[in-house]
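Following: one structure in structure tokens, then a few remarks.
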Amino acid sequence: MTTDRVQTGLRLDYVMLRKITIIAKKQMRSLNSQLEFIIKNCVEQYEKENGEINLEEDLD
């Protein structure tokens with residue numbers, strides 16, 4: 001099965017990880033799904049305030 005998802009490592013403070021895990025459980029999501037949800041909302045909010053992000057921009 002092909003997927004467009006990229007696996008990445010993420011380092012979190014232990015307390016933050018526990019809190020997000022609890023939120024995920026209360027929202028009936030996996031930790032991964034909860035993190036994707038948080039990131040998606042963050043990007044949407046940023047683009048709402050600053051305009052769409054151009055993926056062709058140089059990140060240097």
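- At most 12 heavy atoms of other shown residues, nucleotides or ligands fall within 6.0 angstrom of atom CZ in R18.
- I53 approaches E47 most closely through the heavy-atom pair N-OE2, 2.9 Å.
- Note that the OG atom of S30 and the CD atom of E36 stand 7.5 Å from one another [nearest 0.5 Å].
- Note that CG of L35 and OG1 of T21 are 8.0 Å apart. Values are rounded to the nearest 0.5 Å.
- One hydrophobic cluster, built from ILVMFWY side chains closer than 4.5 Å, cannot hold both I39 and I20; they sit in different ones.
- Going from atom CG of L31 over to atom CD1 of I23 covers 10.5 Å, rounded to the nearest 0.5 Å.
- In this structure, CG in N50 is found 9.5 Å from CD in Q45, a value given to the nearest 0.5 Å.
- Between the CG atom of L12 and the NZ atom of K19 there is a distance of 13.0 Å, given to the nearest 0.5 Å.
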